[in-house]
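Shown next, in structure tokens, is the structure this report addresses.
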Amino acid sequence: MKFNIKKKDGKIIVEVELPHQRRYHPIIARKRFRTEDILKELELRGIKHGEVIQAADIKNWREHTRKGTWIFEEKATKPLD
């Protein structure tokens, strides 16, 4: 699985690509990634974020549904005046 996180213009952009499912050697099981899975991964990596701006739902059993992008607001670290 490719999991790429970028910070740009006050946003956190998460791009995910799952390996295509295979039933022959080497076997790759079916997987699905939703927003709650991304939230868990960001928490594990210690990345603080705000609200979801763009969400996706990806599955690895079809080529065109294996990639997705999530966009979050970047959490402000300083209080605003």
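With sequence neighbours left out, Q54 forms a side chain to side chain donor-acceptor pair (under 3.5 Å) with no residue at all.
Nearest heavy atom pair, residue A56 against residue G68, reads CB-CA, 4.2 Å.
A donor-acceptor pair is defined here as one N or O able to donate and one able to accept, closer than 3.5 Å; such a pair exists between the side chain of N60 and the backbone of K31.
Linking ILVMFWY side-chain heavy atoms closer than 4.5 Å, directly or via other members, places I28 and M1 in two distinct hydrophobic clusters. No chain of hydrophobic side-chain contacts below 4.5 Å, direct or via other Ile, Leu, Val, Met, Phe, Trp or Tyr residues, connects I58 to I13.
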Checking R32 against D57 for the side chain to side chain contact (heavy atoms under 4.5 Å, CB included) test, could you report, in this order, the C-alpha distance in whole Å, the side-chain angles of both residues, the deciding distance, and whether it holds?
CA-CA 7 Å; R32 185 175 197 168; D57 183 8; 2.7 Å; yes
Between H20 and E63, is a side chain to side chain contact (heavy atoms under 4.5 Å, CB included) present by the stated rule, with each step listed?
CA-CA 7 Å; H20 198 280; E63 184 62 36; 3.4 Å; yes
Ignoring hydrogens and angles, write down the donor-acceptor pairs under 3.5 Å from the side chains of residues 46-53, residues two or more places apart or on other chains.
none

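Between I71 and T69 the shortest side-chain heavy-atom distance falls below 4.5 Å. Within the 4.5 Å cutoff, side-chain heavy atoms of F72 are placed close to those of I38. When side chains are defined from C-beta on, L18 counts as touching F33, because their heavy atoms get closer than 4.5 Å. No side-chain heavy atom of E74 sits less than 4.5 Å from a side-chain heavy atom of K11. Using a 4.5 Å heavy-atom cutoff, the side chains of I5 and L42 are in contact.
Applying the 6.0 Å contact sphere to NZ of K59 captures more than 12 heavy atoms from other residues, nucleotides or ligands. Around the CZ atom of R23, the shell of radius 6.0 Å holds no more than 12 heavy atoms that belong to other residues, nucleotides or ligands.
Across K2, R66, K6, K8, a single residue satisfies salt bridge (charged side-chain N to carboxylate O under 4.0 Å, His left out) together with E15, and that is K6.
Between E36 and K40 there is no salt bridge, since none of the side-chain N atoms of the basic residue sits less than 4.0 Å from a carboxylate O of the acidic one.
Here the straight-line distance linking atom CH2 of W61 with atom CD of Q21 works out to 8.0 Å at 0.5 Å rounding.
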